[in-house]
Novice: 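Dropping a structure here in structure tokens format, bear with me for questions.
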Protein chains: 2
Amino acid sequence: MADVAARAGVSRALVSIVFRNQPGASQETRDRVLQVADEIGYRPDSAARLLARGRSRALGVLFTVHQTFHADLVEGIYAQAEHHGYDVLLSATAQGRSEAKAVEALLSHRCEAVILLGADATTADLDVLGQRTVAVSVSRRMPGSLIDFVHSAEGKGVRQAMDHLVGEGHRRIVHIDGGRGPGSAERRRAYRAAMRRHGLEAEIRVIPGNHTEESGIEAGRLLVAERDAGEPLPTAVLAANDRCAMGLMMALARSGVEVPKEVSVIGYDDSHLSHLMPVGLTTVRQDAGLMAEHAVGFAVRRLENKTLEPQEAVIDPKLVIRDTSGPPREV
Amino acid sequence: MADVAARAGVSRALVSIVFRNQPGASQETRDRVLQVADEIGYRPDSAARLLARGRSRALGVLFTVHQTFHADLVEGIYAQAEHHGYDVLLSATAQGRSEAKAVEALLSHRCEAVILLGADATTADLDVLGQRTVAVSVSRRMPGSLIDFVHSAEGKGVRQAMDHLVGEGHRRIVHIDGGRGPGSAERRRAYRAAMRRHGLEAEIRVIPGNHTEESGIEAGRLLVAERDAGEPLPTAVLAANDRCAMGLMMALARSGVEVPKEVSVIGYDDSHLSHLMPVGLTTVRQDAGLMAEHAVGFAVRRLENKTLEPQEAVIDPKLVIRDTSGPPREV
DNA sequence: TACTCGAACTAGAGCGCGCTAGTAGAGCGC
DNA sequence: GCGCTCTACTAGCGCGCTCTAGTTCGAGTA
């Protein structure tokens, strides 16, 4: 910076003004400074800038590498953050990299806010985080939590899916749940309620699972094993999410069970891949773009106006009927 | 930091020593400092640290949100970077966020090295980048480039796939190429060479494509349209990568073309999802973990010893035969 | 002429840390 | 007693930037 200032024949302060696009420099000086900077390859150091300015204008995003729906969200967050003039810092959880570690990384880089995509932490953990910084949780419901929260109306989504299945004539509808995953508790509850509402209380069955393909595969194996032992297959399965649904379909296909002929499958998320599968997956669409917009909006509003109450946005999901659901065989 | 020092009754310098885990402080002082820090929620500011130290010990990684194979690589990079004591900064390309923009973000955060996963830039662009910083390109071949390079032996992988197909009796083997995507040129070349070697020069056909599901869908539609116009379908397709293969299979399934009965499909990457599809995808495995190890290793070696020649690692890929390939119908 | 005023620019402090050079004091041999 | 070394600690500069409080200067105004 000093070099640029010297070569352009101005003070460092003026170079700073030029690079921050602030008033206080004539157009010709601006041009000269920028040209000199370009010549010697100068670029402002964001660490020093951050340090001096006292704020980073950066939003930290915690996501999971293999969670395809997170990719959709991240894409939306980039766009929204840019719109609000914020930087985005990504930190991923992965095998061998815990959520806590990923969050630490974000905080040590002085993110002003942290957006958690489907966090795995407890409410207490999040509240602690919320004390330390501005935090927004996407998907994972945090009852009574202090932090902001964006989620889809899980109940509505599940209800639409269940109404669709029952409307097609299904009765033996099984739910693979998402364990401690975000939104799972609500979906589980909505599944039970819908079954009851349709007079199918006796058929309620929840198979424990999570949000990975593996859990779908396991559930599929379980169901096939039961069939081989003489029990009837369910006629429809509501999976924890799209990935789980994919795993399930793989397991079923391997055992020669046809979808949707013998078993209908419904996913959740409408992640980027779900409409690109060999067979279009019937699923509940969560609008990633809209969720990203709210998440970033919440974070920004908190940052500009410290004294806000916890905010919450509920996005209406929408059932997308594709090829993996249809009437049951028996009907 | 000053607070911690005051409360612990020591100087700021000592707090610094404790947090850097350097010799020069007694155990009891260490404990006291750490305890106080924990109480008031102090955590070193990585921006200030970076500024003072002059180096960030951070590796920048450029990836693409929806490229599933990148997720595998990122996972490996995190592990390797931690092993070498480096931080990882992620920057994604996405819709509305160009590669140049993503790289700028990394550089302005003063990454010491940049690891590009399947970069889209030209050799010249990369050389310019290589002048400014340490850069490693993964997958994308940079002939005559100054920057380090990790890729798999594309030729070997394609050859294995082609030998497998020809061995099963295929002759009409089409290749959907990856356009300007990383590795595509080599794969295309190897495909042509293999066809020639097997005396199938007359059957050579390359359909232009890229590394997305969409390109697979398009190619599938094209092939089906040709069939409807009376031309024979190819008996096997070598796709640009797994995502392209998935798109292709979707298009074929929609049109009632059975895989592998009518058409065998082979992908490339063995990305996380390829063995979790409803039908296991025959594909060429690239070992993401090993590639990550080399990429990080190269970057670190450059950083610790400035005067190295361009490095290159070639990883042997391996054909993984699953359910989408088999003998052609006519045989 | 004397003044006010705004645009264009500058000096210099300070952001939170790391690091070098230094000090204090304990332990040791002679 | 002295000098020596070793451990435990501190003072204070500087990293590259932003920002506040100026200064300078030419144009406009009474």
Novice: Does B/H70 reach the main-chain N or O of B/T64 with its side chain, forming a donor-acceptor pair under 3.5 Å?
Specialist: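 Confirmed, B/H70 side chain pairs with B/T64 backbone.
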
Novice: Report the relative orientation of the aromatic rings in B/F298 and B/H294; use parallel for angles under 30°, tilted for 30 to 60°, perpendicular for over 60°.
Specialist: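 Answer is perpendicular, since the angle exceeds 60°.
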
Novice: What integer distance in Å separates A/N21:CG from D/dC17:C1'?
Specialist: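 That distance rounds to 17 Å.
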
Novice: With sugar-phosphate meaning primed atoms plus P, OP1 and OP2, does A/P23 contact a base, only sugar-phosphate, or nothing at under 4.0 Å between heavy atoms?
Specialist: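 No contact.
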
Novice: Could you pull out all residues at least two apart from B/Y42 that satisfy side-chain hydrogen bond (donor to acceptor under 3.5 Å, both in side chains)?
Specialist: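 None.
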
Novice: State, with a plain yes or no, whether a side-chain heavy atom of B/D87 is found less than 4.5 Å away from one of B/E82.
Specialist: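 No - every pair of side-chain heavy atoms lies 4.5 Å or more apart.
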
Novice: So, is B/S26 near the phosphate of D/dT7, with a side-chain N or O under 4.0 Å from OP1 or OP2?
Specialist: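 Checking B/S26 against D/dT7: no side-chain N or O falls below 4.0 Å of OP1 or OP2.
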
Novice: Angle between the end axes of the helix from C/dT4-D/dA27 to C/dC30-D/dG1, five pairs per end, to the nearest 10 degrees?
Specialist: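 Answer rounded to 10°: the end axes differ by 50°.
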
Novice: Say whether B/R12 and B/S16, considering side chains only, have a donor N or O and an acceptor N or O under 3.5 Å apart.
Specialist: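 There is no such pair between these side chains.
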
Novice: Quick one: label B/R30 by what it contacts on the DNA or RNA (base, sugar-phosphate, nothing), any heavy atom closer than 4.0 Å.
Specialist: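 Nothing: the residue B/R30, judged by heavy atoms under 4.0 Å, touches no strand.
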
Novice: Describe the nucleic acid contact of A/R43 in one word from base, sugar-phosphate, nothing, applying a heavy-atom distance below 4.0 Å.
Specialist: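 Answer is sugar-phosphate: A/R43 comes under 4.0 Å of backbone atoms only.
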
Novice: Between D/dG16 atom P and B/H109 atom NE2, what is the distance in whole Å?
Specialist: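 Rounding to the nearest Å, NE2 of B/H109 and P of D/dG16 are 18 Å apart.
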
Novice: Return whichever of B/Q27 or A/V15 has its heavy-atom-nearest nucleotide of DNA chain D closer to the 5' end.
Specialist: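 Final value for this comparison: B/Q27.
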
Novice: For B/R110 and B/I17, find the nucleotide of DNA chain D closest to each by heavy atoms; which residue's nucleotide sits nearer the 5' end?
Specialist: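 Upstream on the strand: B/I17.
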
Novice: OG/B/S137 to CG/B/L116 distance, rounded to the nearest 0.5 angstrom?
Specialist: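 Between atom OG of B/S137 and atom CG of B/L116 there are 6.0 Å.
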
Novice: Quick one: which of A/R97, A/E99, A/E104 gives a side chain to side chain donor-acceptor pair (under 3.5 Å) with A/S91?
Specialist: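 That would be A/R97.
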
Novice: If you check the A/T29 side chain, which of D/dC17, C/dC9, D/dA11 turns out closest?
Specialist: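 Nearest to the side-chain atoms of A/T29, counting from C-beta on, is C/dC9.
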
Novice: To the nearest angstrom, how far is B/R55 atom CZ from C/dC19 atom P?
Specialist: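 Value for this atom pair: 11 Å.
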
Novice: Whole-Å distance between C/dG16 P and A/L50 CG?
Specialist: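 These atoms are roughly 11 Å apart.
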
Novice: Could you give the CG-to-P distance, from A/D3 to D/dC17, as a whole number of Å?
Specialist: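 Computing the A/D3:CG to D/dC17:P distance gives 10 Å.
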
Novice: State whether a side-chain donor-acceptor pair under 3.5 Å links B/H151 with B/E312.
Specialist: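 Present: a donor and an acceptor within the cut-off.
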
Novice: Look at all strands and tell whether B/S46 reaches a base, only sugar-phosphate, or nothing, counting heavy atoms closer than 4.0 Å.
Specialist: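 If one applies the 4.0 Å heavy-atom cut-off, B/S46 turns out to touch nothing in the nucleic acid.
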
Novice: What string of B, S and - do you get for nucleotides 19-24 of chain D 5' to 3' if you count protein non-hydrogen atoms under 4.0 Å?
Specialist: B-----

Novice: Assess the side chains of A/Q27 and A/D31: does a donor N or O sit below 3.5 Å from an acceptor N or O?
Specialist: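 Yes, because at least one side-chain N or O of A/Q27 sits under 3.5 Å from a partner of the opposite role on A/D31.
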
Novice: Could you report the tightest heavy-atom contact between B/I147 and B/P310, atom names first, then the distance?
Specialist: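 That would be O-CB, 4.4 Å.
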
Novice: Would you kindly give the CZ-to-P distance between B/R57 and C/dG18, to the nearest whole Å?
Specialist: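 Interatomic distance, CZ of B/R57 to P of C/dG18: 13 Å.
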
Novice: If I take atom CE in residue A/M1 and atom C1' in nucleotide D/dC17, what distance separates them, rounded to the nearest angstrom?
Specialist: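 Whole-Å distance recorded here is 6 Å.
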
Novice: Rounding to a whole Å, what distance do you find between B/L14:CG and C/dG18:P?
Specialist: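 Atom CG in B/L14 sits about 12 Å away from atom P in C/dG18.
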
